[in-house]
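So the structure is just underneath, and the comments pick up after that.
Bear in mind that the values here come from a model prediction, so they are computed numbers and not experimental data. Ligands are counted one by one from 1 in listed order, and the atoms in each one are counted from 1 as well. Computed from heavy atoms alone, side chains included, the values below leave out hydrogens, waters and symmetry copies.
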Amino acid sequence: MEVIILSSPEKVYKEVSQRIIAAINKKPDTVLGLATGQTMLGIYQEIIAAYNKEDVGFSSVVTFNLDEYLGIAPNDPRSFRYYMEENLFKHININIKNINIPSSIPENVEEECEKYEEKIKQKGGIDLQLLGIGRDGHIGFNEPSSSLLARTRVKTLTEETLRDNFGEGQCPRFAITVGTGTILEAKEIILVALGEHKARAIAQTVEGPVSASCPASALQLHPKVKVIIDESASKLLKRKDYYAWVWEHKKEVNDLKLITPIPGPEYRKE
Ligand code: GLP
C-alpha cells in the first residue's frame, strides 16, 4: 500500500482526479470502478473541469458503480443513479451504454447480481477502482463481518451507515454491492478518505490486521493500492513519518545516482 497524506481536501481532489485523467489518457477505453458519497464530489468536479478544458474525454470509457440501494426509483434523489447523473455523467461525454450501476428495482435480485459480475468480466475487469470508506471501514457496501472474498450480492446496511447517508429521514435498508472479492480483482485501486471521522477506519485499514471487522483492510492483500487522504484522516496512523518520507523521496528511484563509494575488495568476475 502506498499512503499519500496531503495537507487539504482540495489537494486530495487534485491528486486523485489527475491520476484518473492520466489513466484515461493512456487507455481511452479504461474500465473505471466508481464510488459515491461526499468524498467523491470534489474529485468529480475536478474531472468535469478537466473535461471542459478538453484535457480528457470519456467517449470510450466504461464505468461500473460499486453499489445501489434497493427499492428506490432510479431518479429518486436518494439513489446512486441520481447522484452519478447529477454529479458526473450529465456533465461529460460518456456513452449511456457504457454506464453500469446495479438496478435499484431488479425483477430478480440474484440474477441482477450475477449479471453485474458477468458484465465486469466481459469488459475485461476493472482497470482502476475508486473507493471511499465508511466510518466502520466498509468499502462499497461491504459492512463489517462481510466475507473478504464476497462477490456482488445484497447487503443489509448498518444503522450507522444509514444515519451517515440519510440522517433521520426515511431510507432503504438494503443495497446491492460488488463484493470485497470483486474489488480485489481490480488492476489498480485508489482509496480516498477525508476528515477526522475517518481516521479510525484508515488506521485499521492500513495498519490493522486483515480482518472482516474492517473490510477495507483486505486491500492490504492487493499489490497496487494507493490510499490518498488528508491530514485529519491520517491522525491515528503510527507510521505517518515513513509514509511522508516515501512520498518525498520515491521519485528519486528513477534517477539513481551512485552514492560516494567506500573502497572495498575486488570481486571475481565471470
Ligand atoms: C457510502 C458508499 C461508499 C462510500 C461511503 C462514504 O456508504 N456506499 O462507497 O465510500 O458512503 O461516504 P462519504 O464519502 O460520504 O463519507
Check whether Ile189 and Leu149 end up in the same hydrophobic cluster, where Ile, Leu, Val, Met, Phe, Trp and Tyr are linked by side-chain heavy atoms less than 4.5 Å apart. no
Is any side-chain N of the basic residue among Glu86 and Lys90 closer than 4.0 Å to the acidic one's carboxylate O? yes
Which pairs, with at least one residue in residues 69-85 and sequence neighbours excluded, count as a salt bridge (Lys or Arg N to Asp or Glu O under 4.0 Å)? Asp76-Arg78, Arg81-Glu85
Ligand 1 N/O to protein N/O, distances under 3.5 Å:
unit_1	atom_1	unit_2	atom_2	d
ligand 1	7 (O)	His138	NE2	2.8
ligand 1	7 (O)	Asn165	ND2	3.2
ligand 1	8 (N)	Asp67	OD2	2.8
ligand 1	8 (N)	Gly140	O	3.2
ligand 1	10 (O)	Ile133	N	3.1
ligand 1	14 (O)	Gln38	N	3.3
ligand 1	14 (O)	Thr39	N	3.0
ligand 1	14 (O)	Thr39	OG1	2.4
ligand 1	15 (O)	Gln38	N	2.8
ligand 1	16 (O)	Lys198	NZ	2.6

Could you check if a side-chain atom of Gln129 sits within less than 4.5 angstrom of a side-chain atom of Phe64, using non-hydrogen atoms only? no
Tyr116 side chain to Ser103 backbone, donor-acceptor under 3.5 Å: no
Within one Ile-Leu-Val-Met-Phe-Trp-Tyr cluster: Leu32 and Val178, side-chain cutoff 4.5 Å: no
